[in-house]
Amino acid sequence: MTTRSQSWFAKNAVHPAERLQLFCFPYAGGGASIFSPWKSRLAPDITVLPVQLPGRESRSTEAPMDTIQDIVHSLLPAMASYVHKPFAFFGHSMGALIAFESARQLYSKTGRLPIHIIASGKSAPHLPYSKKQLHDLADQPFTEELRLMQGTPEEVLQNAELMQIIMPRLRADFKVCETYVYQPGNPLACPMTIFGGMKDYEVTTDSLHAWQQHTTLPIDVQMFEGNHFFIHEQEQKVISAVVNILSASSAQNHAAAAHASYSTNTLQPRFRQS
């Protein structure tokens, strides 16, 4: 029997020495399988948890969700059995937005935060959405816009039957991004690293640096060769960067926990809502 949490997460086997869980949020139209290569390339003590959104792959019979609020509201209960251990978030494009809002809501409800958030290929959430509105276009212009984005294989775009299957989830995902309205809130007290593509002309370096508004700690912006889908073009370099980031964050988190256990002046107030 598939539980609610199992339907949301395509989980690999837990290593006996597991020290960290990495939730991976896909881009618009993507499923959990885009992170399959990560499972064997990250350290064995990092458990990769690709997020499987409704309407794709193993959940293809479910209706896709078309608002951030619906996704996060349904996702958080499924995360409950995982977040008692150290965890981190990685999200690309739409996935970065979902990761950010999930972190905000998780902190609001439980007081827990990721040890690190890696937001990839996404302008800071408070900035106005600057791209074309695509989700309500007619089928043909919608398909042409997908072709211009270079994220959907040409053989898929030319397969009318397949496009009729995947178009509803693509429209839903674009609607998630195009109708998102940022609600002001306190910055998160956790480190953030921001990834960008050097030839992703719709996500500027200024819009990546603007993520600084959403954390109390200095952000690190790392740029990769390639367009918006640099996470595939430069997959090994991206994975190596993620490994380095998580190794450093895990060490810092361990040191902070050890210090707190010997200190009467704990860090707890920092992680509570004011």
Side-chain angles (χ1 to χ4, degrees), residues 20 22-28 30 34-35 37-38 41-43 46 48 51 68 86-104 106-107 113-131 149-151 176-177 180 182-253 256 270:
L20 180 66
L22 176 63
F23 293 89
C24 296
F25 300 79
Y27 48 74
I34 67 175
F35 297 107
W38 293 40
R41 296 180 187 175
L42 267 69
I46 297 176
V48 178
V51 176
I68 285 284
F87 62 96
F89 285 172
F90 175 92
H92 184 74
S93 196
M94 179 187 76
L97 197 58
I98 298 173
F100 171 69
E101 285 296 342
S102 295
R104 294 177 92 193
L106 186 66
Y107 175 67
L113 281 170
I115 67 166
H116 210 106
I117 296 174
I118 305 174
S120 175
K122 185 74 180 74
S123 301
H126 66 281
L127 298 178
Y129 189 82
S130 59
K131 299 179 183 179
M149 294 175 66
Q150 302 178 14
V176 166
C177 298
Y180 170 77
Y182 171 73
Q183 299 297 324
N186 293 329
L188 299 173
C190 69
M192 290 186 186
T193 299
I194 316 301
F195 289 174
M198 293 181 183
K199 295 182 180 178
D200 185 355
Y201 300 117
E202 293 187 334
V203 181
T204 66
T205 54
D206 284 347
S207 72
L208 296 173
H209 282 276
W211 277 91
Q212 182 61 73
Q213 178 173 320
H214 302 289
T215 174
T216 59
L217 303 172
I219 66 169
D220 180 29
V221 177
Q222 299 187 21
M223 302 300 293
F224 297 83
E225 288 288 343
N227 61 24
H228 186 65
F229 292 97
F230 64 88
I231 64 166
H232 295 310
E233 298 174 72
Q234 303 293 331
E235 185 174 70
Q236 188 53 55
K237 290 184 177 180
V238 169
I239 292 174
S240 295
V242 169
V243 170
N244 292 336
I245 291 165
L246 297 182
S247 295
S249 283
S250 292
Q252 292 167 2
N253 187 62
R270 179 184 180 189

In chain order, what residues pass the salt bridge (Lys or Arg N to Asp or Glu O under 4.0 Å) check against Glu233, with sequence neighbours excluded? none

Report the distance from atom [atom1] of [X] to atom [atom2] of [Y], rounding to the nearest 0.5 Å.
{"X": "His92", "Y": "His232", "atom1": "NE2", "atom2": "NE2", "answer": "7.0 Å"}
{"X": "Ile68", "Y": "Leu97", "atom1": "CD1", "atom2": "CG", "answer": "4.0 Å"}
{"X": "Phe195", "Y": "Ile231", "atom1": "CZ", "atom2": "CD1", "answer": "10.0 Å"}
{"X": "His214", "Y": "Cys190", "atom1": "NE2", "atom2": "SG", "answer": "12.0 Å"}
{"X": "Glu202", "Y": "Ser123", "atom1": "CD", "atom2": "OG", "answer": "9.0 Å"}
{"X": "Ile118", "Y": "Met192", "atom1": "CD1", "atom2": "CE", "answer": "11.5 Å"}

Nearest heavy-atom pair of [X] and [Y]: which atoms, and what distance?
{"X": "Pro125", "Y": "Tyr182", "answer": "O-CB, 3.5 Å"}
{"X": "Pro114", "Y": "Ile117", "answer": "CG-CG1, 3.9 Å"}
{"X": "Leu208", "Y": "Lys122", "answer": "CD2-O, 3.6 Å"}
{"X": "Ala103", "Y": "Leu188", "answer": "CB-CD1, 3.9 Å"}
{"X": "His209", "Y": "Ile219", "answer": "O-CD1, 3.5 Å"}
{"X": "Tyr180", "Y": "Arg104", "answer": "OH-NH1, 4.4 Å"}

Could you tell me whether a side-chain N or O of [X] sits under 3.5 Å from a main-chain N or O of [Y], the two making a donor and an acceptor?
{"X": "His116", "Y": "Val242", "result": "no"}
{"X": "Ser102", "Y": "Ile98", "result": "yes"}
{"X": "Glu235", "Y": "Phe230", "result": "no"}

Could you give me the CA-CA distance, side-chain angles and deciding distance for Phe25 and Phe100, then say whether side chain to side chain contact (heavy atoms under 4.5 Å, CB included) is met? CA-CA 10 Å; Phe25 300 79; Phe100 171 69; over 6 Å; no

Under 30°, 30 to 60°, or over 60°: which ring-plane class applies to Phe87 and Phe23, parallel, tilted or perpendicular? perpendicular

Apply side chain to side chain contact (heavy atoms under 4.5 Å, CB included) to residues Trp38 and Ile46 and explain how you reach the verdict. CA-CA 10 Å; Trp38 293 40; Ile46 297 176; over 6 Å; no

For Leu113 and Leu106, what are the C-alpha separation, side-chain angles and deciding distance, and is it a side chain to side chain contact (heavy atoms under 4.5 Å, CB included)? CA-CA 7 Å; Leu113 281 170; Leu106 186 66; over 6 Å; no

Step by step, would you call Tyr201 with Lys199 a side chain to side chain contact (heavy atoms under 4.5 Å, CB included)? CA-CA 6 Å; Tyr201 300 117; Lys199 295 182 180 178; 3.7 Å; yes

Residues forming a side-chain hydrogen bond (donor to acceptor under 3.5 Å, both in side chains) with Glu225, sequence neighbours excluded: none

